[in-house]
Amino acid sequence: VAAARSGDRAALDALLRSHYDRVYGVCRRITGNDADAADAAQNALIAIVRGLPRFDGRSAFATWAYRIATNASLDELRRRNRRGTVGLPDDNEGDPAADDRPFDADVTERMALGAALDRLPDEFRAPVVLRDLLDLDYAQIAEALGIPPGTVRSRISRGRAALVKLLGNQTPFPDRPSSQP
Amino acid sequence: MTNRDDLPPDDELASAYVDGELDASGRARVESDPTLLAEVAALREIRAAVADLPTPELDHARRDAAIKAALATADSNVVPFTRPTGHRWVGAVLGVAAAVLLVLFGAAVVRGGGQSSNSSASAPTTAAARAEAAAATTAAAGAASADASATLASPQPGGEAVAGGGAAVPSPLPPNADSSFKAAAPTDADLAALRDAGRRALPLPPPTVAAGCPAPTPGADFAGTVLWSTGVTAELFLERRLSPPTAWALAPGSCLVLATVPLA
């Protein structure tokens with residue numbers, strides 16, 4: 001890292017290569033598809049290079065780089081939403097666990113967790129990934145996503161419930177008192 | 001004693017418990033309920049599984065391209081810019097207000113002309129009236145775009161008239177280091193392409209409404225798109241009132257200014 005910061009191009013190349021896989025992995029999990037992940041990862045690398053002179057070493061380089069990858073991924077999601085498709089719904093809208101549309105047989109019978117994660121709407125997938133993959137707490141996720149911590153809590157809970165359901169358990173949490181008439 | 005009003009809804013308790021985000025009363029609530037504890041166990045499995053997901057398969061060609069683009073950034077002397085922060089609706093409201101005022105003012109001018117000459121006054125007849133009408137049209141069109149800039153509050157009556165009238169030339173936006181996270185860096189070749197595209201786009205027809213992004217300066221006109229060698233598409237704007245005329249590249253969607261180059 002020090003050599004890269006000092007302008008050693010070979011060191012910078014090696015640094016980027018050594019972290020690309022994980023950066024891409026973060027981007028892939030947050031964006032939910034390969035194309036957006038590749039764009040986000042590239043933007044993340046560019047941001048890393050530009051921000052390297054300001055990297056103060058107080059956190060591990062990897063942690064810093066993954067935070068940048070997170071920001072790049074969230075930017076990519078916002079861009080995707082602006083392009084026309086789906087905006088972030090209100091907190092009470094779009095509960096994926098309440099979606100009873102039938103899935104293809106291969107999906108319902110054996111869906112890999114990664115594929116299930118990809119199927120989550122952005123607003124649920126991003127907080128779940130930030131929590132479970134990057135180990136951010138609710139306050140940090142709230143800051144990253146620009147939503148209140150209570151909404152983070154709600155979306156993570158609903159996202160996980162949706163994952164359970166997508167993985168094949170149509171009754172994720174049986175006999176919950178609050179769900180009974 | 002537990003105050004239920006302070007607790008998350010039941011269907012969020014288990015998840016928050018797994019994440020260590022409950023206070024003592026919330027934890028006690030979960031730990032006293034076998035159903036919630038069963039949920040906790042299931043959610044812990046899901047959480048562990050997500051954390052252990054393998055890195056998705058990589059496209060090595062894209063990896064190499066990304067690293068190449070990032071390394072090119074290290075060689076670039078481009079200073080990224082970003083738009084001043086502020087509420088988008090403020091600009092839109094000001095734009096609409098300006099459009100309404102100008103339409104009313106233009107109508108008053110036209111009506112006044114008709115009264116004095118007592119002839120047909122269905123259209124503006126003076127240069128000033130035409131300029132006001134053009135400005136009103138421009139302002140209304142701008143206000144209708146996604147992000148009307150604050151400059152629409154004081155629209156200029158047409159590019160050529162302003163250039164000839166010696167109006168104050170707007171300054172480029174100030175550099176903002178924080179935008180570096182989001183700006184995709186053009187290479188030297190990209191800047192050359194931007195410069196060439198800008199030259200080819202001059203002169204533009206009268207004020208053009210931006211396709212996706214608001215104009216970076218009051219007089220800048222949208223002039224198409226340019227494609228970086230890194231695959232980034234940028235919206236091209238031209239500011240003819242600067243000396244020399246300047247081309248801007250904005251990232252669609254985020255509308256961040258990626259680069260600006262003089263056309264001299």
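Without hydrogens or angle criteria, B/Glu21 side chain to A/Asp137 main chain gives no donor-acceptor distance under 3.5 Å.
Chosen from B/Ala48, B/Gly20, B/Ala16, the residue pairing most often with chain A at heavy-atom distances under 4.5 Å is B/Ala16. The residue among A/Val152, A/Asp34, A/Asp13 with the most heavy atom pairs within less than 4.5 Å of chain B is A/Asp13. Among A/Leu12, A/Asp21, A/Ile156, the residue making the largest number of heavy-atom pairs under 4.5 Å with chain B is A/Asp21. When each of B/Asp64, B/Asp59, B/Leu53 is scored by its heavy-atom pairs under 4.5 Å with chain A, the top score falls to B/Leu53.
Using a 4.5 Å heavy-atom threshold, the side chains of B/Arg62 and A/Asp39 count as touching. Side-chain contact between B/Asp19 and A/Arg160: present, with at least one pair of heavy atoms (C-beta onward) separated by less than 4.5 Å.
Nearest heavy atoms, A/Leu133 versus B/Val50: CD1-O, 3.5 Å. The two atoms that bring A/Ser157 and B/Ser15 nearest to each other are CA-OG, 3.5 Å, heavy atoms only.
Residue A/Arg17 touches chain B through both its backbone and its side chain, counting heavy-atom pairs closer than 4.5 Å. Both the backbone and the side chain of A/Tyr138 come within contact range of chain B, each with at least one heavy atom under 4.5 Å from a heavy atom of that chain.
By the neighbour-count criterion of 12 heavy atoms within 6.0 Å, atom CD of A/Glu143 is sparsely surrounded, having that number or fewer from other residues, nucleotides or ligands.
Here the options are A/Ile46, A/Leu16, A/Val49, A/Leu45, the test is side-chain contact (heavy atoms from CB on, under 4.5 Å), and the partner is B/Leu71; only A/Leu16 passes.
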